[in-house]
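One structure below.
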There are 2 protein chains.
Amino acid sequence: MRAQPGRSVTSKVLALLDAFSAASPALTLSELARRAGLPLPTAYRRVAELVAWGALERGDDGRYRIGLRLWEVGSLAPRGLGLRELALPVLEDLYEVTHENVQLAVRQGLELVFIERIAGRHAVPVLTRVGGRFALHATGVGLVLLAHAPPEVQEQVLAAPLERYTELTVTDPRRLRHCLADVRRVGYAVSDRQVTMDALSVAAPIRGPEGVVAAISLVVAHDRANPVALAPLVQAAGRVLSRALGGS
Amino acid sequence: MRAQPGRSVTSKVLALLDAFSAASPALTLSELARRAGLPLPTAYRRVAELVAWGALERGDDGRYRIGLRLWEVGSLAPRGLGLRELALPVLEDLYEVTHENVQLAVRQGLELVFIERIAGRHAVPVLTRVGGRFALHATGVGLVLLAHAPPEVQEQVLAAPLERYTELTVTDPRRLRHCLADVRRVGYAVSDRQVTMDALSVAAPIRGPEGVVAAISLVVAHDRANPVALAPLVQAAGRVLSRALGGS
DNA sequence: GGACCACCTTTCACTGAATGAAAGCCCCGG
DNA sequence: CCGGGGCTTTCATTCAGTGAAAGGTGGTCC
C-alpha cells in the first residue's frame with residue numbers, strides 16, 4: 001500500500017516535537033522517527049520542513065535539536081514567559097530576603113510545570129528544571145495547585161496511584177484529601193520531605209480573576225527550616241502577584 | 001475545486017503559530033486564519049489539533065493563545081532556556097555589581113534574539129522583551145554578534161538598508177564595517193545612543209567551541225555611563241561564560 | 001582495498017487525508 | 001424577527017503525503 005489509514009500530518013509533526021525531552025535534547029533522524037513512531041522517509045520530510053522554518057535546528061554533529069524559533073514562539077505563552085516576566089521581580093525579592101530556592105509553577109492537566117526558579121547558591125540543591133514537569137501530590141506548589149484545582153482534576157489525581165518519593169510522601173488518597181482541605185483552610189502548603197529527605201517546601205497560591213493560576217514556593221533544607229516562619233513571606237509574595245494579576 | 005495546489009500541511013501549521021506575536025498574543029479563529037493566509041475551515045481543523053495537543057490554548061474569551069506545552073518544548077532549545085540557565089548566575093553577578101540592565105542575546109539569521117534580561121529597577125528602562133528580536137546593526141549585543149558572524153551574514157546585513165533609530169545610528173555600510181573591525185580588535189562593542197537617545201550599551205562576546213555563540217551587555221543611561229570602565233566587567237562575564245561553554 | 005554497516009536521501013506509483021465551497025449553528029443587538 | 005459575525009460541519013473531489021525500495025555517503029574493521 002502507499003498511504004495507509006495513517007494519522008494526520010499535524011499529529012506527526014507534533015509527535016516529532018514530542019520526541020525531544022530534557023533527557024534527550026539532541027536526536028538523530030532515526031531516533032526521532034522511532035520515538036515519533038514514523039517511517040524514516042516520513043520523518044525525513046517533516047523534519048526538513050521544521051528545520052526550514054526554524055522549529056528544529058541541525059547541529060554540526062548531524063543531530064537535531066529544538067530550534068530557537070520554537071523557543072521564541074513558546075515564549076509568547078501567557079502562562080510561560082509571560083507569567084515569568086511579571087513574577088521575576090517578586091521572586092527576586094523573596095530570594096533577597098531568604099537566600100533560599102524560589103520556585104514558580106502552574107498546573108498543566110494532572111501535573112505541574114515549573115515556570116521559573118531562582119536557585120540559591122548556598123541553598124539546598126533542587127532537582128527540578130525550568131520547563132520541567134512533576135506530579136501534583138508531593139511538592140508544596142503541587143499541593144497548592146491541586147487544592148485549588150477543579151474538583152474533577154482532584155478526583156482524577158486521587159483516583160490514580162500516588163507515586164511514593166520518600167517514606168513521608170502522602171500516598172493515601174484519604175490523607176491527601178485532608179491535606180488539601182488544610183491547604184485551603186490555612187492558605188499555604190507545607191511539603192516536609194515528601195519529595196526528597198533533604199528538603200522541605202512552603203508554597204502559596206497566586207490568584208487571577210478566575211481563581212488560582214499559579215503557585216510560588218520556597219525550598220529549604222529540612223533541618224534549617226521553620227515552615228511557620230516562612231509561610232507569611234511566601235504568602236505575601238503570592239498576594240503581591242495576585243494583585244498584579246487582578247486576583248482576589 | 002476541492003484541493004488546490006496548496007502548501008504543505010506542515011507549513012500551514014507553522015503559519016498558524018507564526019500568526020502570534022508579542023503585539024497580539026491572543027487571536028480569534030478568524031484573525032488566525034487571516035494572518036496565516038488560510039481558509040477558515042482549514043484553520044479550524046488545524047487549530048483544533050493544535051489545541052488538543054496543547055500547542056495552543058483557548059481562553060474563556062474564545063481567543064486562542066500559545067499553549068504551555070509549546071513553551072515547555074521550546075524551553076528545550078539549547079540556545080534558548082538552555083543557554084539562559086547556564087548564564088543566569090553570571091548575569092545576576094553582573095547585576096549585583098552594577099545594578100544596571102543586563103542582557104543576553106544570540107544571533108538568529110540576520111537578527112538577534114534576546115534570551116534573557118535582568119531589568120534593573122532603578123536603571124534606564126529598556127524596550128526589549130525576552131524572546132524578542134532586533135536588528136544587528138545598532139545595539140551593543142548586535143554589533144558583537146555581527147562582528148563575529150560568518151562573512152556571508154555580514155555581507156547580507158551590510159547590503160540591506162540599515163534602519164535608523166536615532167541620529168547616531170550608524171547607517172553607512174562603510175562606517176559600520178569599520179565599527180565591526182574595531183569590535184573584533186578591542187574585544188567589546190559600545191553602542192552609544194544608537195537605539196534610543198537615553199541609553200548606551202556595552203557588550204562582549206561569549207564563545208563556544210565553534211566561535212561566538214552569544215553576547216552579553218550592560219545597558220545604562222548615556223549620561224551616567226563610562227563605557228571604558230564598564231567594558232572590563234562585561235568582558236569578564238563573557239569570559240566566564242565562554243569557559244563554561246568550552247570556548248576560547 | 002573492499003566488504004560491511006549505519007544512517008541519510010531520493011524515487012515512484014498510489015491513495016486517503018486534507019481540502020474549500022456551501023450550508024448550518026449560535027449568539028447578540030437592533 | 002431579522003441580520004450579521006463568528007464558529008462548526010458536511011460533502012464531493014483530488015493532490016499532498018505515503019512507505020517500500022533503491023541509491024548515496026561515510027566510517028570501521030579485516
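Naming: A, B, ... by sequence-line order, numbering from 1 per chain. What you see is a predicted model; the values in this text were computed from it and never measured.
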(request) Evaluate the criterion side chain to side chain donor-acceptor pair (under 3.5 Å) for residue pair A:S11 and B:E49; output intermediate values, then yes/no. (result) CA-CA 7 Å; A:S11 82; B:E49 283 190 276; 5.1 Å; no
(message) Is there a side-chain contact between B:R46 and the phosphate of C:dT19, meaning an N or O under 4.0 Å from OP1 or OP2?
(response)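 Affirmative; the distance criterion is met.
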(message) So, OP1 or OP2 of C:dC8: does either fall under 4.0 Å of a side-chain N or O from A:S30?
(response)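 True: A:S30 side-chain N/O within range (under 4.0 Å) of C:dC8 OP1/OP2.
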How close or far is atom [atom2] of [N] from atom [atom1] of [X], stated in whole angstroms?
X: B:L32; N: D:dT8; atom1: CG; atom2: P; result: 12 Å
X: B:R7; N: C:dT19; atom1: CZ; atom2: C1'; result: 13 Å
X: B:L40; N: C:dG24; atom1: CG; atom2: P; result: 17 Å
X: A:R58; N: C:dC7; atom1: CZ; atom2: P; result: 13 Å

(request) Please tell me which of A:V9 and A:Y44 maps to the more 5' nucleotide of DNA chain C, matching each residue to the nucleotide holding its nearest heavy atom. (result)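 The residue mapped nearer the 5' terminus is A:Y44.
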(message) Can you see whether A:Q108 engages A:R79 through a side-chain donor-acceptor pair at a distance of less than 3.5 angstrom?
(response)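 The answer is yes; a qualifying pair exists.
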(message) Looking only at side-chain N and O atoms, does A:T10 offer a donor or acceptor that is under 3.5 Å from a partner on B:R45?
(response)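 Distance-only check fails for B:R45 and A:T10.
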Between [options], which nucleotide gets closest to the side-chain atoms of [X]?
X: A:T42; options: C:dA18, D:dT18, D:dC7; value: D:dT18
X: B:K12; options: C:dA21, C:dT19, C:dT10; value: C:dT19
X: A:L29; options: C:dT9, D:dC7, D:dG17; value: C:dT9
X: B:P41; options: D:dG19, D:dC7, D:dT9; value: D:dT9

(message) Over all strands shown, is B:P39 touching base, sugar-phosphate only, or nothing at heavy-atom distances under 4.0 angstrom?
(response)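 It contacts sugar-phosphate atoms only.
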(request) Name the nucleic acid region contacted by B:R63, choosing base, sugar-phosphate or nothing; use a 4.0 angstrom heavy-atom cut-off, strictly under. (result)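 It contacts nothing in the nucleic acid.
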(message) Testing the basics here: between B:V130 and A:S75, what is the closest heavy-atom pair and its distance to 0.1 Å?
(response)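 So the minimum-distance heavy-atom pair works out to O-OG, 4.2 Å.
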(message) At less than 3.5 Å, do the side-chain atoms of A:R45 and the base atoms of D:dG19 form a donor-acceptor pair?
(response)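 For A:R45, whose side chain was compared with the base of D:dG19, there is a donor-acceptor pair (under 3.5 Å).
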